[in-house]
Amino acid sequence: MPVRFQTIPIVVVPVLLLVGSTPQAAPQDAVSEETVTYFRNNCVSCHTIGGGVLTGPDLKGVTDREDRAWLIEFIQDPKAAMDRGDAHALELLSEANGALMPTIPTLTPEMAEKLLHLIEVESALEKSHFAGLQLSDRPLTEADVARGRELFLGHERFQNGAPSCVSCHSVMGIGGL
């Protein structure tokens, strides 16, 4: 099923920067903080685990659906799989409306294996810590829109000290750096 993009109101953008808490796995399924941080920093902007399709596919149960060796090779260099005409890689590209998964230079085979383990542990949970945000469907108020604009432009600071959205992004003619 193709990925559909929709406009997200400005008030929602800061919320998208927040990610769930650190997973608490059973000792035999322990996932390192390094792996959780790596996934959070490199994967959650495009993937969920049990939360549905974003830009990339939902990763819940991916090791049950795909060959592990193929997954490790693919996540290390998706472009190489596309370039050699790998049918499944090309199907994923099509489902992502042509958005190519980036090659992450720091992704070693060992980290790829650790990421697959994290996905397996999280897939076994009733609700993964990486299921993504569940956005409210309540209508936005004028106050919501005004606050979102203030956060986006940096007139109101984020609690965690993150830079304003406009430092990187532009919306409706309001430019970034």
Q: Give, for atom CD1 of Ile49 and atom NZ of Lys127, the distance between the pair rounded to the nearest 0.5 Å.
A: 13.0 Å
Q.
Let me confirm one number: the CG-OG1 distance from Asp77 to Thr103, rounded to the nearest 0.5 Å.
A. 4.0 Å
Q | Sidechain-backbone polar pair: Ser94 side chain, Leu90 backbone, donor-acceptor under 3.5 Å | A | no
Q: Could I get the full list of ring pair (Phe, Tyr, Trp, His ring centres under 6.0 Å) partners for His88, not counting sequence neighbours?
A: Trp70
Q. Can you tell me how far the NE2 atom of His155 sits from the OG atom of Ser164, to the nearest 0.5 Å?
A. 8.5 Å
Q.
I'd like to know if the side chain of Tyr38 pairs up with that of Ser32 as donor and acceptor (distance under 3.5 Å, no hydrogens or angles considered).
A. no
Q: Could you give me the CA-CA distance, side-chain angles and deciding distance for Leu92 and Phe74, then say whether side-chain contact (heavy atoms from CB on, under 4.5 Å) is met?
A: CA-CA 11 Å; Leu92 291 172; Phe74 178 78; 4.0 Å; yes
Q | Closest non-hydrogen atom pair, Ser123 against Gly61 | A | OG-N, 2.9 Å
Q: Decide yes or no for His117 and Val31: does some side-chain heavy atom of the first lie under 4.5 Å from some side-chain heavy atom of the second?
A: yes
Q) Distance from Ile75 atom CD1 to Glu73 atom CD, nearest 0.5 Å? A) 11.0 Å
Q.
Before you tell me yes or no, could you show the steps for Ser167 and Phe152 under side-chain contact (heavy atoms from CB on, under 4.5 Å), namely the whole-Å CA-CA distance, both residues' side-chain angles and the distance that decides it to 0.1 Å?
A. CA-CA 9 Å; Ser167 64; Phe152 183 86; over 6 Å; no
Q. Judged by atom type as modelled, is there a donor-acceptor pair below 3.5 Å linking the side chain of Thr37 to the main-chain atoms of Glu33?
A. yes
Q. Where is the tightest heavy-atom contact between Leu151 and Glu156, given as atom of each residue plus distance?
A. CD2-O, 3.6 Å
Q: Output yes when a side-chain donor or acceptor of His47 lies under 3.5 Å from a complementary backbone atom of Pro57, and no otherwise.
A: yes
Q. Do Cys46 and Met101 come close enough that some side-chain heavy atom pair is under 4.5 Å?
A. no
**Q.** Arg68 bridged to Glu113 by N-O distance under 4.0 Å
**A.** yes
**Q.** Shortest non-hydrogen contact between Val145 and Leu140, atoms and distance
**A.** CG2-CB, 4.3 Å
Q: Of all the heavy-atom pairs spanning Leu54 and Val44, show the shortest one and how long it is.
A: CD1-O, 3.8 Å
Q: State whether the side chain of Asp58 and the backbone N or O of Val53 hold a donor-acceptor pair below 3.5 Å, judged by distance alone.
A: no
Q: Any chance you could measure Asp86, atom CG, to Glu91, atom CD, to the nearest 0.5 Å?
A: 10.0 Å
**Q.** Verdict with supporting geometry, Leu100 and Lys79, side-chain contact (heavy atoms from CB on, under 4.5 Å)
**A.** CA-CA 7 Å; Leu100 178 64; Lys79 186 172 182 329; 4.2 Å; yes
Q: Run the salt-bridge test on Arg149 and Asp144 with the 4.0 Å N-O cut-off and return the result as yes or no.
A: no
(Q) Restricting to non-hydrogen atoms, name the atom on Ala89 and the atom on Ala81 that form the minimum distance, rounded to 0.1 Å. (A) CB-CB, 3.7 Å
Q) Got a donor-acceptor contact below 3.5 angstrom from the Arg65 side chain to the Lys60 backbone? A) yes
Q. How far does CG of Asp64 sit from CD1 of Ile119, to the nearest 0.5 angstrom?
A. 11.5 Å
**Q.** Arg138 versus Thr141, closest heavy-atom pair with distance
**A.** NH1-CG2, 4.1 Å
(Q) With side-chain contact (heavy atoms from CB on, under 4.5 Å) as the criterion, how do Phe39 and Leu115 come out once you've worked through the C-alpha distance, each side chain's angles and the decisive distance to 0.1 Å? (A) CA-CA 7 Å; Phe39 187 86; Leu115 290 170; 3.9 Å; yes
Q | Glu122 side chain to Leu118 backbone, donor-acceptor under 3.5 Å | A | no
Q) So, are Lys114 and Glu120 salt-bridged, with charged N and O less than 4.0 Å apart? A) no
